[in-house]
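These notes are about the structure you will find just below.
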2 protein chains.
Amino acid sequence: MIPNIPEIDKCDCNIIHSDVVDRVRRSMPDEEVIMDLADFFKVFGDTTRVGILSALNESEMCVCDIAALLGMTKSAISHQLRVLKQSKLVKYRRDGKVVYYSLDDDHVKTIFDQGLSHVEEK
Amino acid sequence: MIPNIPEIDKCDCNIIHSDVVDRVRRSMPDEEVIMDLADFFKVFGDTTRVGILSALNESEMCVCDIAALLGMTKSAISHQLRVLKQSKLVKYRRDGKVVYYSLDDDHVKTIFDQGLSHVEEK
DNA sequence: CGAACAGTTGAATATGTGTTCAACTATATT
DNA sequence: AATATAGTTGAACACATATTCAACTGTTCG
């Protein structure tokens with residue numbers, strides 16, 4: 001296996017410590033994993049989505065109630081719920097006209113707690 | 001204490017389950033905390049920054065070496081290191097002409113691991 | 001001193017993304 | 001069937017942000 005060397009090397013400088021660079025390169029996750037990770041965290045990087053996740057962490061809720069809670073339109077909430085759905089962070093069930101959303105991931109709470117301890121510390 | 005009710009209520013629908021909304025509203029973190037959390041996770045939501053953090057998780061590194069490792073310019077890396085510095089996720093030391101960056105947060109690894117298990121599962 | 005290199009910075013550009021708006025679907029009620 | 005309500009969707013717009021480029025600082029070495 002040849003280590004991943006970027007096809008087009010835009011680096012505008014010399015490698016100073018090639019031993020370190022080689023060792024780190026071997027230990028790095030694949031570029032695809034890096035992208036998946038960034039995409040995953042991107043979902044948590046929006047106030048509206050964090051608000052929705054915080055709410056659903058307390059209780060299953062329908063779109064109207066979330067919209068009322070956060071003082072936003074159904075449309076805005078629905079768009080963000082779609083993002084959360086695609087990331088498999090929330091699931092939903094329909095009951096008549098009403099669609100109820102709830103958390104669909106065990107990691108959400110842990111990730112929130114880690115984020116909170118960082119935010120509170122510094 | 002009066003619960004936080006958004007000043008301008010843009011909600012375009014009726015509250016369906018007012019008991020649930022009231023209960024969730026009381027349990028929600030302050031809006032400021034929600035914003036801090038989102039800002040914190042926003043930092044993890046970029047491929048370049050995740051790459052830098054992954055690298056520094058393995059070893060202290062200088063800007064040139066990170067640029068070479070990720071196949072990017074010193075400038076691009078430096079800009080992102082500034083973001084990571086502001087979020088208190090990395091620290092640095094200067095040795096002559098060379099500036100060495102390293103991780104400055106215990107939560108980084110835990111957060112990465114949680115993200116990885118989510119990404120790998122689904 | 002002056003050249004060379006590591007790194008930073010600000011402005012400009014390009015791309016990504018969240019909200020709005022209007023139109024739409026689906027279900028329930030009369 | 002007609003109406004009302006919950007929710008979704010796509011396009012447009014406005015805003016945020018990552019990279020580039022060029023100019024800059026700081027340090028080392030001849």
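A note on names: the letters A, B, ... follow the listed sequences, proteins ahead of strands, and every chain is numbered from 1. Being a predicted model, the structure only gives us computed values, none of them experimental.
- Counting any heavy atom pair closer than 4.0 Å across all strands shown, B:Tyr101 reaches sugar-phosphate atoms only and no base atom.
- For A:Val99, the listed nucleotide lying nearest its side chain is D:dG7; candidates were D:dG7, C:dG7, D:dA18.
- At whole-Å resolution of the value, CZ in A:Arg82 and P in D:dA11 are 11 Å apart.
- Screening A:Leu116, A:Thr47, A:Ile111 for a side-chain contact (heavy atoms from CB on, under 4.5 Å) involving B:Leu37 leaves a single residue, A:Leu116.
- Between A:Phe44 and A:Phe41, the ring planes are tilted. Angles from 30° to 60° get that label.
- Protein atom CG of B:Leu81 is 13 Å distant from nucleotide atom C1' of C:dA6, rounded to whole Å.
- Set against C:dT20, C:dA6, D:dT20, the side chain of B:Ala76 has D:dT20 as its closest nucleotide.
- In this structure, A:Lys42 reaches the C:dT17 phosphate: one of its side-chain N or O atoms is under 4.0 Å from OP1 or OP2.
- When distances run from any side-chain atom of B:Asp46 to the nucleotides D:dC21, D:dG7, D:dA18, the shortest one goes to D:dA18.
- Checked by distance alone, B:Lys97 brings no side-chain donor or acceptor within 3.5 Å of a matching partner on the base of D:dG26.
- Residue contacts shown for B:Ile16 are limited to sugar-phosphate atoms, with no base heavy atom under 4.0 Å away.
- Rounded to whole Å, the distance from NZ on A:Lys74 to C1' on D:dT9 is 13 Å.
- In this structure, A:Asp65 contributes its side chain and B:Val21 its backbone to no donor-acceptor pair below 3.5 Å.
- Computed from coordinates, the B:Met72 CE to D:dA18 P distance equals 10 Å when rounded to whole Å.
- Of the candidate nucleotides D:dT19, C:dG7, D:dG7, D:dT19 has the atom nearest to the side chain of B:Gln80.
- Within a 6.0 Å sphere centred on NZ of B:Lys85, heavy atoms belonging to other residues, nucleotides or ligands number more than 12.
- Taking 4.0 angstrom as the limit, A:Arg49 places a side-chain polar atom (N or O) nearer than this to OP1 or OP2 of C:dG18.
- The 12-atom threshold is exceeded at CG of B:Asp113, counting heavy atoms of other residues, nucleotides or ligands nearer than 6.0 Å.
- Rounded to whole angstrom, the span from the CD1 atom of B:Ile66 across to the P atom of C:dA6 amounts to 14 Å.
- Protein atom CG of A:Leu70 is 12 Å distant from nucleotide atom P of C:dT20, rounded to whole Å.
- If you find the closest nucleotide of DNA chain C to A:Asp95 and to A:Asp39, the one lying nearer the 5' end belongs to A:Asp39.
- Here C:dT17 presents its P atom at 18 Å from CZ of B:Phe41, a figure rounded to the nearest Å.
- With respect to B:Leu56, the side-chain contact (heavy atoms from CB on, under 4.5 Å) criterion is satisfied by exactly one of B:Leu103, B:Leu89, B:Leu84: B:Leu103.
- Proximity note for A:Val63 (side chain, C-beta onward) versus D:dA6, D:dT8, C:dT8: the nearest is D:dT8.
- With rounding to whole Å, A:Met61 atom CE is found 15 Å from D:dG7 atom C1'.
- In the set D:dT19, C:dG7, D:dG7, the nucleotide with an atom closest to the side chain of A:Ser78 is D:dG7.
- Residue B:Ser75 places a side-chain atom within donor-acceptor reach of the base of C:dT9, judged by atom type and a 3.5 Å distance cut-off alone.
- Look at B:His79 and the base of C:dT9; the rings stack, centres closer than 5.5 Å and planes less than 30° apart.
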